[in-house]
Engineer: 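One structure follows; several queries about it will come next.
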Amino acid sequence: MIRTVQTTPYKDQKPGTSGLRKKVPVFQQTNYAENFIQSIFNSLEGFRGETLVIGGDGRYYNREVIQIAIKMAAANGFGRVLVGRGGILSTPAASNVIRKYKAFGGIVLSASHNPGGPTEDFGIKYNIGNGGPAPEKVTDAIYAGTRTIETYKIAEVADINLDTEGSQNVAGMEVVVIDPVTDYAELMEKLFDFPAIRNLIGGGFRIVFDAMSAVTGPYAKEILENRLGAAKGSVLNFIPLPDFGGHHPDPNLVHARALYEEMMGDDAPDFGAASDGDGDRNLIIGKGIFITPSDSLAMLAANASLAPGYSKGLAGIARSMPTSAAADRVAEKLGIGIYETPTGWKFFGNLMDAGLVTICGEESAGTGSNHVREKDGLWAVLLWLNILAVRMESVQDIARQHWTTYGRNYYSRHDYEEVDADAANGLVTALRDQLATLPGKTFGKLKVATADDFSYNDPIDKSVSNNQGIRILFEGGSRVVFRLSGTGTSGATLRVYIERYEPDASRHDTETQAALADLIAVADEIAGIKTRTGRTEPTVIT
Ligand code: G16
């Protein structure tokens, strides 16, 4: 039986950089999830009888919302739902399932790298038929709907069995529970030279992958251990837990510290990697060397043609604006296009759909290609392994040669988390007020070339996104960028991105923070970070 339920709007359902992310108790308010899901459906047209994909990263509250979403999909007229067994689908796997089965779209339940648990974070994101996150015009329409919603529709049926693969009928709609790993693993086998990687590993090349008690565990076990022959135990923390074991499933040098220490140790494996809560981010560490995500994007792009899926070369590269310009130099050398977009994977979708770019990346540990329309943690790991298997050199050697050829973009991001929102907004406003007068000013040896608030004109759909981050560019290619996070759930997070270009190979051995010290000091001088936020140190340095 289909029931129409009266409801009242919540005023805080504005999607951020990547969907709606809030604390679990916020989502547990009466009709909170229902309102948002109904607003998604209300913003769409033409889905009657079509397929919807539903899955999440297994965090606390995942199963409850999956039940709600399936019952609401049935009540709203979808013809079929594909859902991962146990309610599990990594974000890139969900994107693949949407594309492979030509679904109308998908609902992805995740708050990504944010912690999970009864008082931690949850999230709902809508992906469109290309498999990618809904563009701003869709998220704007969803938000508008949440402001006026009066009713939602739900099928009054018993809970769906999510743990047995196969088909079942829910109020006249078919629900198919699918294995979350198979389709994704098949796709990876098509893109990469698995026999070559098996040979590399069989020859004694040791890898370690930290799944951080999050969704990539089952994917990494199947692909790295079962299909590629990595020693049992190479995949750590492989059981997805609703609270990620109490950890922060963010693969960076702070939250994946143990992996970093291991990779810097005397008996380090040859290759270390990690992924995040929903499997779209990646951390790459070679024996004795951390590869920044910006460098990883550039190095993967420069070597991608060594993998079968990219043997014909790349159409172009896209990076988010705060991501370092390392990839730009590769694009220049390859003679292909380079695109600079605002932060958030949703801005890459149009470029990939139009065939303008093959590989995309963000400094926030996100890399991916047009094989899906999300960033993809394991994909980045496998492309690295494929390159290593062909070149038969260490990660360290590949990185050094890359810097010698292209120059090195020293790069770091400083995050100030849970800052008072007024203080953070005040800081950004004060920066905006200085934009006109900064060019030409000098700070020690640094002279400001240009300063602006980044604005993006999408070349495909012609939409314009303003206020995407304050950029201060110095002569010689150094820069600092300031922006406020759009994924945090408490207070404001200020992100400061710092970059310096060093063409001289004899100067490629400096420790990163030391190489950036003058820029870090100037960033504080211009923005007044310490005085305005009351913080003397960043919360996280990546
Ligand atoms: C952060 C990152 C972005 C990324 C976004 C979503 O956004 O800075 O680069 O696209 O998270 O990533 P995920 O889905 O892995 O959380 P923000 O707005 O917090 O800077």
Side-chain angles (χ1 to χ4, degrees), residues 14-22 56-57 59 90-92 94-95 108-116 120-127 132-136 139 212 214-216 244 248-252 255 274-283 292-294 296-297 318-324 340-349 360-368 372-380 411-419 424 428 454 456 465 467-470 481-497 538-540 542:
K14 187 172 171 49
T17 310
S18 185
L20 182 69
R21 290 188 189 168
K22 300 281 177 196
D57 62 11
R59 69 178 56 229
S90 77
T91 291
S95 184
V108 182
L109 307 174
S110 169
S112 192
H113 54 289
N114 296 4
E120 298 294 353
D121 292 7
F122 190 76
I124 303 181
K125 186 171 72 157
Y126 180 68
N127 282 25
E136 275 185 335
T139 54
M212 302 189 90
V215 80
T216 42
F244 309 115
H248 210 118
D250 193 356
N252 62 31
H255 300 299
S275 191
D276 69 332
D278 61 333
D280 56 1
R281 295 189 175 201
N282 72 87
L283 171 70
T292 69
S294 294
S296 182
L297 170 67
R319 64 165 173 86
S320 67
M321 180 275 281
T323 303
S324 96
E340 187 176 31
T341 60
T343 295
W345 206 262
K346 61 190 172 205
F347 294 101
F348 294 137
C360 307
E362 295 194 278
E363 54 64 43
S364 54
T367 339
V372 290
R373 292 293 181 277
E374 289 277 7
K375 54 189 185 260
D376 187 343
L378 266 172
W379 171 90
Y411 187 87
S412 182
R413 189 179 90 191
H414 290 195
D415 287 345
Y416 297 81
E417 293 174 349
E418 296 189 35
V419 169
V428 171
F454 182 61
Y456 179 62
S465 303
N467 303 328
Q468 297 296 320
I470 308 276
V481 173
F482 302 85
R483 61 178 284 280
L484 300 182
S485 156
T487 58
T489 56
S490 43
T493 293
L494 171 68
R495 303 202 196 282
V496 187
Y497 311 80
T539 327
V540 174
T542 56

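Order of listing sets the numbers, starting from 1, for every ligand and every atom in it. Throughout, numbering of the chain's residues begins at 1 and tracks the sequence.
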Engineer: Between T487 and S485, do the side chains contain an N or O donor and an N or O acceptor separated by less than 3.5 Å?
Structural biologist: yes

Engineer: Where the closest heavy atom to atom 2 (C) of ligand 1 is concerned, which of S364, S110, G366 has it?
Structural biologist: S364

Engineer: If you have a sec, work out which protein heavy atom is nearest atom 13 (P) of ligand 1 and how many Å separate them, to one decimal?
Structural biologist: S112 OG, 3.1 Å

Engineer: Looking at E362 and R319, does any basic side-chain N land under 4.0 Å from a carboxylate oxygen?
Structural biologist: no

Engineer: Look only at interatomic distance and state if K375 has a nitrogen or oxygen under 3.5 Å from any nitrogen or oxygen of ligand 1.
Structural biologist: yes

Engineer: Which is it for T17 and ligand 1 at heavy atoms under 4.0 Å: side chain, backbone, both or neither?
Structural biologist: side chain

Engineer: May I ask whether G344 places a heavy atom under 4.0 Å from ligand 1?
Structural biologist: yes

Engineer: Checking a contact table here: which protein heavy atom is nearest atom 14 (O) of ligand 1, and how many Å away?
Structural biologist: R21 NH2, 3.1 Å

Engineer: Walk me through it: do T493 and D415 pass the test side-chain hydrogen bond (donor to acceptor under 3.5 Å, both in side chains)?
Structural biologist: CA-CA 7 Å; T493 293; D415 287 345; over 6 Å; no

Engineer: Taking distance alone, with no angle check, do R495 and ligand 1 share an N/O pair under 3.5 Å?
Structural biologist: yes

Engineer: What atoms of ligand 1 come within less than 4.0 Å of a heavy atom belonging to R483?
Structural biologist: 8 (O), 17 (P), 18 (O), 20 (O)

Engineer: Does any N or O atom in G486 lie less than 3.5 angstrom from one in ligand 1, N or O only?
Structural biologist: yes

Engineer: What residue and heavy atom of the protein are closest to atom 1 (C) of ligand 1, and at what distance?
Structural biologist: R281 NH2, 3.7 Å

Engineer: D280 heavy atoms, cut-off 4.0 Å: which ligand 1 atoms fall inside?
Structural biologist: 14 (O), 15 (O)

Engineer: Quick check on contacts: which atoms of ligand 1 are under 4.0 angstrom from a heavy atom of S18?
Structural biologist: 6 (C), 14 (O)

Engineer: Suppose I only count heavy atoms of T343 and a 4.0 Å limit; which atoms of ligand 1 are within that range?
Structural biologist: 3 (C), 8 (O), 9 (O)

Engineer: In the protein, which heavy atom is nearest to atom 4 (C) of ligand 1, and how far is it?
Structural biologist: E362 OE1, 3.5 Å

